Amino acid sequence: VRHALEGRSKSALMLGLGTGLAEGIYAFMALWGFSTFLADYPIIIPISKIVAAVILIGLGFWFTRFVPQTPSIANNAEENDNADHRHRPPASLEVAKVMARGSDTERPWKSFGVGFSVTFLNPTLLATWAAAATTIMSMGIFPAEASHALPFALGVIVGASGWFSMLVWLLSRFRHRFSPLTLQRVIRAMGWGLIALGLWFTVAFIHYMAS
C-alpha cells in the first residue's frame, strides 16, 4: 500500500509477488505432508505463535511511526477549483512529482526479497496452510495425493499474485485521491492492528504454556 501510493508500483508489485511465492511454498509443504509432521511435533505451533508475535509487534511499531514522503496536494487545490471540471487534470502537479520521484527510487528485486523473507520467516503459516490443506482433503475436492501438491501451490501463487496485482493497479490508478494525512492514518492504523495481532499471539503462547 505504501509503495503503490508513493509511486513505486513496480516495487509494490514485486513485494506482493515475493509474498505469493512464499505462501505457495508453504502450501506445497502443507499438502505434501506437513499436517502429519505437525501432528508428530505439536510444539511447533506454540513456538510459531511467539515468533510471529515478535515479527508482528516489531513491524507494527515501525508502521506506527510512519511519516509519508508524499507532499501535500493542496498547493494546487485553488488552481484546480478555478478550472473547468471537464478539463480538470486527474492529478495535481505535486502528485506528478511524487510519482516521478517514486519511479526513480524503485528497488523491485529488493522489495521482492523483503516480501518473500518476511512471509517465509513467519512460521505461523505452517499451521495455517496445514489446516487449510486438511480442510480441503476432508471436503473430498480431490484425492489426497502428494502429486497434487505442486499444482495446488501454483494455484496459491497465481491467486496471491493476481490479488496483489489488482490492489497495486487500483492504488496507483487512484493515487491522486489520497492525501498525505490519509496515507499516514491508514499506515499507522495498520501498525496498531499488527501490534494487536502480535499481542493476541503472545496471549495464545502464554495460555499454551500455562496449560
Side-chain angles (χ1 to χ4, degrees), residues 1-28 55-56 58-77 79-81 83 85-122 124-125 128-129 153-195 197:
V1 172
R2 174 180 176 180
H3 286 346
L5 291 180
E6 290 184 346
R8 290 175 284 176
S9 56
K10 292 181 180 178
S11 295
L13 180 60
M14 292 298 286
L15 192 148
L17 295 180
T19 298
L21 178 60
E23 292 268 8
I25 292 175
Y26 276 127
F28 175 85
I55 294 174
L56 291 172
L59 188 62
F61 274 115
W62 183 57
F63 273 27
T64 59
R65 299 174 61 84
F66 170 72
V67 176
Q69 301 176 4
T70 310
S72 174
I73 63 175
N75 297 339
N76 296 317
E79 177 183 346
N80 288 342
D81 288 338
H85 287 274
R86 292 173 299 176
H87 303 289
R88 183 173 297 179
S92 70
L93 296 178
E94 289 296 324
V95 172
K97 293 178 181 178
V98 171
M99 300 298 282
R101 186 168 67 246
S103 299
D104 293 338
T105 58
E106 291 272 22
R107 298 292 186 272
W109 287 108
K110 179 180 178 181
S111 297
F112 178 87
V114 171
F116 178 84
S117 59
V118 169
T119 304
F120 191 75
L121 292 176
N122 182 1
T124 304
L125 293 175
T128 300
W129 279 109
L154 291 176
V156 171
I157 294 173
V158 171
S161 300
W163 152 245
F164 274 111
S165 298
M166 182 176 66
L167 177 63
V168 171
W169 180 82
L170 288 172
L171 290 172
S172 300
R173 174 67 177 80
F174 299 102
R175 162 65 190 83
H176 59 283
R177 296 180 182 271
F178 292 86
S179 69
L181 181 59
T182 300
L183 174 60
Q184 178 173 295
R185 287 174 175 172
V186 169
I187 299 298
R188 291 189 173 186
M190 290 170 59
W192 288 112
L194 291 175
I195 291 173
L197 188 59

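The figures that follow rest on heavy atoms only: side chains count, while hydrogens, waters and symmetry mates do not. Positions are given from 1, in the same order as the sequence printed here. This is a predicted model, so every value here is computed, not measured.
- Under the side chain to side chain contact (heavy atoms under 4.5 Å, CB included) criterion, Leu197 pairs with Leu56, Phe201, not counting sequence neighbours.
- By the side chain to side chain contact (heavy atoms under 4.5 Å, CB included) test, Leu59 is found to be paired with Trp62, Phe63, Leu194, residues two or more places apart in sequence or in another chain being considered.
- Partners of Thr119 under the side chain to side chain contact (heavy atoms under 4.5 Å, CB included) rule, at least two apart in sequence or in another chain, are Thr19, Ala22, Glu23, Leu125.
- A distance of 10.5 Å separates CZ in Phe112 from CG in Leu13, rounded to the nearest 0.5 Å.
- To the nearest 0.5 Å, atoms CZ (Arg8) and CZ (Arg107) are separated by 9.5 Å.
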Any chance you could lay out the side-chain contact (heavy atoms from CB on, under 4.5 Å) test for Ser9 and His3, step after step, and finish with the verdict?
CA-CA 6 Å; Ser9 56; His3 286 346; over 6 Å; no
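- Partners of Phe120 under the ring-ring contact (aromatic ring centres under 6.0 Å, His included) rule, at least two apart in sequence or in another chain, are Tyr26, Phe116.
- Here the CZ atom belonging to Arg188 is positioned 4.0 Å from the CD atom belonging to Gln184, to the nearest 0.5 angstrom.
- Partners of Ala153 under the side chain to side chain contact (heavy atoms under 4.5 Å, CB included) rule, at least two apart in sequence or in another chain, are Phe28.
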Return a table of donor-acceptor pairs under 3.5 angstrom between the side chains of residues 154-171 and protein atoms on other chains or two or more places apart.
unit_1	atom_1	unit_2	atom_2	d
Ser161	OG	Ile157	O	2.7
Ser165	OG	Ser161	O	2.7

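- Between Ala12 and Ala4, the shortest heavy-atom contact is CB-N, 3.8 Å.
- Atom-to-atom distance recorded for Lys110:NZ and Leu15:CG is 11.5 Å, nearest 0.5 angstrom.
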